[in-house]
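What follows is a short report on a single structure.
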Amino acid sequence: AFSRGNTIPAVSYPFGMASFALETRVQEVPFRLFYHPDDHTTTGVRLTHMASPWIADYAYLTMMPQTGDKVDFTCECKSGYRPNELNMKPYELQVDFLRYQVSYHLVPTMRGGMAKAVWQQTDVTHRMAFHLGKGMSAVQVDAENNKIFGTVSYCVWTEIPKNFRMYFVVQFDRDIDLSKTVAGFSGGTQLPCGERYEGENLVLNVAFTNSGTNELNYTISTSFIDFEQAAVTAGREFAGETIESLTPKAIAAWNEKLGKIEIEAVDNDQMRTFYSCLYRVFLFPRTFYELDAQGNKVHYSPADGNTYSGPMYTDNGFFDTFMTVYPLFSLIMADEYAQMCEGFLNYYKE
């Protein structure tokens, strides 16, 4: 029950700053995985930074499409799904939320993702719930522009700077119904209606006007620097894009990495084992730098809470990787490896 190999099927770009996976368990103990393949219920799709149970997740949030006027703020607001129909590949996640009669499709980008929800019912209230993890969080609803802006700051490690947080911007392609949009806490308490909310274990449940469509498309971009940088990232990663156009880009990013080594497998099991392991090699270290409006590398430093120029990487366990992963990188991707080393030196200097 404690361990299934200590891995999750992360939907992510290689070395992506943001990853996604189905959340099937809301863990009271931080050092536990939130996904288990034997579960038949889910609490949504998590934007995650978990590298292993021993590091634990940080700055995460969970998204769940819902249906109807009834709002449930609790973390036990689950939906059934069929594990045999779940589609989680490195480049996409597709799941049917049976309770709410909605299909959900997400494709990652380097620092965020694009999602589409399609409800079976048209003449009902369509909702998207955002569980903003544990710890202190805040969210602002911009109904005029059909956006939400938020921050999440949960982390189990106390040594990080006090200003540590992930900024996120969500852009919807449908009008927000502010009269039905509500917020509360995961314990079940509803907050008075407003446009900005703050607190621990915060949940925002966004409702959309009935426009005769059963489809919702939205993007989520992230930054550890500020909202302006998250907006710059959104413009770079999503301008003119659709899920259909982003999918081949994510596939190409993975094929470029996985194609660095070709094997002559004795059977399909050996082929699957090798490339499943190689996929995990390319998940970490996680990219922790961003590109500003001029395309320059900048990063928030978890060493002192300031922003610096240059690359930064994180979520790596040198205990296990210094004699395995990095010698491999030196052979198959020397340029990127050199940049990772520059990022590690940046942390040392800061």
Side-chain angles (χ1 to χ4, degrees), residues 1-12 16 18-68 70-108 113 115-120 127-135 152 154 156 185-188 201-203 205 220 272-273 276-277 279-280 283-284 315:
F2 181 77
S3 169
R4 294 281 295 198
N6 292 336
T7 65
I8 57 171
V11 177
S12 174
S19 300
F20 301 87
L22 197 68
E23 179 185 271
T24 65
R25 299 183 178 187
V26 180
Q27 301 289 8
E28 295 301 323
V29 180
F31 301 99
R32 295 285 177 90
L33 293 178
F34 57 82
Y35 170 79
H36 197 290
D38 292 342
D39 293 339
H40 285 71
T41 59
T42 172
T43 44
V45 174
R46 182 187 286 207
L47 190 160
T48 177
H49 302 99
M50 178 171 275
S52 80
W54 318 119
I55 296 175
D57 210 348
Y58 62 89
Y60 67 89
L61 59 89
T62 304
M63 304 170 288
M64 168 78 91
Q66 296 182 353
T67 306
K70 183 180 178 181
V71 178
D72 188 345
F73 295 110
T74 69
C75 290
E76 294 302 313
C77 187
K78 297 182 177 181
S79 171
Y81 77 100
R82 298 185 180 95
N84 62 308
E85 296 179 359
L86 174 65
N87 176 27
M88 280 196 292
K89 293 184 172 70
Y91 58 86
E92 70 178 353
L93 186 155
Q94 292 176 299
V95 60
D96 290 334
F97 294 100
L98 303 179
R99 177 180 181 182
Y100 300 110
Q101 301 181 56
V102 55
S103 61
Y104 185 90
H105 184 193
L106 181 141
V107 174
K116 175 189 291 187
V118 181
W119 283 261
Q120 293 182 20
R127 300 180 169 276
M128 188 63 64
F130 293 84
H131 290 251
L132 302 185
K134 297 180 180 180
V152 287
Y154 176 75
V156 298
F185 300 112
S186 58
N201 303 309
L202 187 64
V203 181
N205 197 298
I220 180 167
R272 279 194 295 265
T273 298
S276 293
C277 292
Y279 144 79
R280 283 189 280 273
L283 286 174
F284 307 105
D315 295 351

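- Partners of Ser19 according to the side chain to side chain contact (heavy atoms under 4.5 Å, CB included) rule, which considers only residues two or more places apart in sequence or in another chain, are Ala10, Ser12, Thr48, Arg286.
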Self-check item: Chi angles and distances behind the side chain to side chain contact (heavy atoms under 4.5 Å, CB included) call for Leu33, Met50
Solution: CA-CA 9 Å; Leu33 293 178; Met50 178 171 275; 3.3 Å; yes
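- In this structure, Arg46 is not positioned above the aromatic face of Phe20 in the sense of NZ or CZ being under 6.0 Å from the six-membered ring centre and within 45° of the axis.
- Between the side chain of His40 and the backbone N or O of Asp38 there is at least one donor-acceptor pair closer than 3.5 Å.
- One N or O on the side chain of Arg99 and one on the backbone of Lys78 form a donor-acceptor pair closer than 3.5 Å.
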Practice problem: I would like to know whether Ile220 and Leu61 meet side chain to side chain contact (heavy atoms under 4.5 Å, CB included); could you show each step before the answer? | Solution: CA-CA 11 Å; Ile220 180 167; Leu61 59 89; 4.2 Å; yes
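- A 4.5 Å side-chain heavy-atom check between Met88 and Leu22 finds at least one atom pair inside the cut-off.
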Quiz prompt | Stepwise side chain to side chain contact (heavy atoms under 4.5 Å, CB included) test for Gln66 and Met128 | solution = CA-CA 6 Å; Gln66 296 182 353; Met128 188 63 64; over 6 Å; no
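- To the nearest 0.5 Å, atoms NE2 (His105) and CD (Gln94) are separated by 4.0 Å.
- Shown here are the salt bridge (charged side-chain N to carboxylate O under 4.0 Å, His left out) partners of Arg272, two or more places apart in sequence or in another chain: Asp269.
- Using a 4.5 Å cut-off on side-chain heavy atoms (C-beta onward), Tyr104 and Val118 make no contact.
- Within the 4.5 Å cutoff, side-chain heavy atoms of Met64 are placed close to those of Phe97.
- Contact check for Asp315 versus Tyr58: side-chain heavy atoms found under the 4.5 Å cut-off.
- The line from CG of Leu47 to CG of Leu132 is 11.0 Å long, rounded to the nearest 0.5 Å.
- A 4.5 Å side-chain heavy-atom check between Leu86 and Asn84 finds every atom pair outside the cut-off.
- Without hydrogens or angle criteria, His49 side chain to Ala59 main chain gives a donor-acceptor distance under 3.5 Å.
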Quiz item: Can you list the steps and then say if Asn201 with Tyr154 is a side-chain hydrogen bond (donor to acceptor under 3.5 Å, both in side chains)?
Solution: CA-CA 10 Å; Asn201 303 309; Tyr154 176 75; over 6 Å; no
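- Glu23 CD to Thr41 OG1: the interatomic distance, rounded to the nearest 0.5 Å, is 10.5 Å.
- Heavy atoms only, all atoms of each residue included: Gly133 and Tyr60 are closest at CA-CE1, 3.6 Å.
- Contact between Lys89 and Val11 at its shortest, heavy atoms only, is O-CG2, 3.3 Å.
- Between Asn87 and Glu92, some side-chain heavy-atom pair lies under the 4.5 Å cut-off.
- Residues Thr24 and Tyr81 meet the side-chain proximity criterion, which asks for heavy atoms closer than 4.5 Å.
- The existence of a salt bridge linking Asp39 and Arg25 is confirmed by a sub-4.0 Å separation between a basic side-chain nitrogen and an acidic carboxylate oxygen.
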Quiz item: So Phe185 and Val203, side chain to side chain contact (heavy atoms under 4.5 Å, CB included) or not? Walk me through it.
Solution: CA-CA 6 Å; Phe185 300 112; Val203 181; over 6 Å; no
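- Using a 4.5 Å heavy-atom cutoff, the side chains of Arg127 and Pro65 are not in contact.
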